[in-house]
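Data block below; observations after.
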Amino acid sequence: MMRHELERRLRRAPKSVARDESFSKAIRSIPKGKVATYGQVAAAAGYPLYHRHVAQLLRRTHVGLPWQRVVGAGGEIKLRFEAGMEQRTRLVMEGVKFRGKRVDMAEHQHVFKTWDFE
DNA sequence: ATCCTGACCCAAG
DNA sequence: GCTTGGGCCAGGA
């Protein structure tokens with residue numbers, strides 16, 4: 001590949017790559033039986049206001065990540081149809097309880113401690 | 001540069 | 001419980 005092409009990618013990539021890596025670490029730190037919202041993951045990773053990007057990352061690549069533990073504000077599952085059902089099933093299997101449509105956050109909210117994944 | 005979109009969020013009504 | 005409007009950010013067309 002041409003040199004300037006590589007440089008171009010490296011110049012542009014670092015930020016989002018570092019960000020995604022932080023998101024991944026935060027997500028991996030959520031223990032079984034607990035959940036965190038997109039916004040909380042973003043903030044814990046050091047990027048408040050980047051909740052949409054957490055979703056974008058998960059949409060792209062969720063292999064190797066406990067993706068089911070990331071939910072919308074208030075414990076709402078944001079995936080639609082089958083995908084949503086799968087997430088709910090996975091959470092239930094991990095012992096997470098629901099109150100109607102949402103995760104019982106009072107019971108399963110994960111509180112991030114930055115030292116867990118820094 | 002502009003416009004659109006998204007596994008978002010939140011305050012109002 | 002809704003629905004709406006606004007705000008937020010980056011990536012793609």
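The figures that follow rest on heavy atoms only: side chains count, while hydrogens, waters and symmetry mates do not. Protein chains get the first letters and strands the later ones, always in sequence-line order, with residue 1 at the start of each.
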Whole-Å distance between [N] [atom2] and [X] [atom1]?
X	N	atom1	atom2	value
Leu58(A)	dC8(B)	CG	P	11 Å
Lys101(A)	dC2(C)	NZ	P	7 Å
His53(A)	dG7(C)	NE2	P	17 Å
Ile77(A)	dC8(B)	CD1	P	12 Å
Phe23(A)	dC9(C)	CZ	P	12 Å

Problem set entry | Same apolar cluster: Ile30(A) and Val92(A), side chain cutoff 4.5 Å |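 The answer is yes; both residues are in one hydrophobic cluster.
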
Give the table of side-chain donor-acceptor pairs shorter than 3.5 Å for residues 77-84 of chain A, with sequence neighbours excluded, one pair per line with atom names and distance.
none

Filtered N/O pairs between nucleotides 9-13 of chain B and protein, under 3.5 Å:
residue : atom : partner  : partner atom : Å
dC9(B)  : OP1  : Gly39(A) : N            : 3.4
dC9(B)  : OP2  : Ala73(A) : N            : 2.9

Problem set entry | Partner residues of Pro31(A) under the side chain to side chain contact (heavy atoms under 4.5 Å, CB included) criterion, sequence neighbours left out | Lys34(A), His110(A)

Among the candidates [options], find the nucleotide nearest to the side-chain atoms of [X].
X	options	value
Arg52(A)	dA10(C), dG1(C), dG6(B)	dG6(B)
Ser16(A)	dA10(C), dC8(B), dG11(C)	dG11(C)
Gln56(A)	dC9(C), dG11(C), dC8(B)	dG11(C)

Evaluate the side-chain proximity of [Y] to [X]: yes if any heavy-atom separation is below 4.5 Å, no if none is.
X	Y	answer
Gln68(A)	Val96(A)	no
Gln87(A)	Val71(A)	yes
Phe98(A)	Leu91(A)	yes
Arg60(A)	Leu57(A)	yes

Seminar exercise, completed: Contacts satisfying side chain to side chain donor-acceptor pair (under 3.5 Å) that involve residues 43-55 of chain A (not counting sequence neighbours) are none

For this session: Give, for atom OH of Tyr38(A) and atom CG of Leu58(A), the distance between the pair rounded to the nearest 0.5 Å.
Result: 6.5 Å

Exercise. Roughly how far, to the nearest 0.5 Å, is the CD atom of Gln56(A) from the CZ atom of Phe23(A)?
Worked result: 9.5 Å

Problem set entry | Strand contacts (DNA chain C) in residues 80-100 of chain A, 4.0 angstrom heavy-atom criterion | none

Exercise. Which pairs pass salt bridge (charged side-chain N to carboxylate O under 4.0 Å, His left out) with one or both residues in residues 94-107 of chain A, sequence neighbours excluded?
Worked result: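 Every salt bridge (charged side-chain N to carboxylate O under 4.0 Å, His left out) pair that includes a residue of residues 94-107 of chain A, provided the two are not neighbours, is Arg69(A)-Glu94(A).
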
Exercise. Does OP1 or OP2 of dA10(C) have a side-chain N or O of Tyr50(A) closer than 4.0 Å?
Worked result: yes

For this session: Mind checking Leu49(A) for me? I need base, sugar-phosphate or nothing, with any heavy atom below 4.0 Å counting as a touch.
Result: sugar-phosphate

I'd like a table of atom pairs between the protein and nucleotides 4-6 of chain C - only N or O on both sides, under 3.5 Å - with the distance next to each one.
none

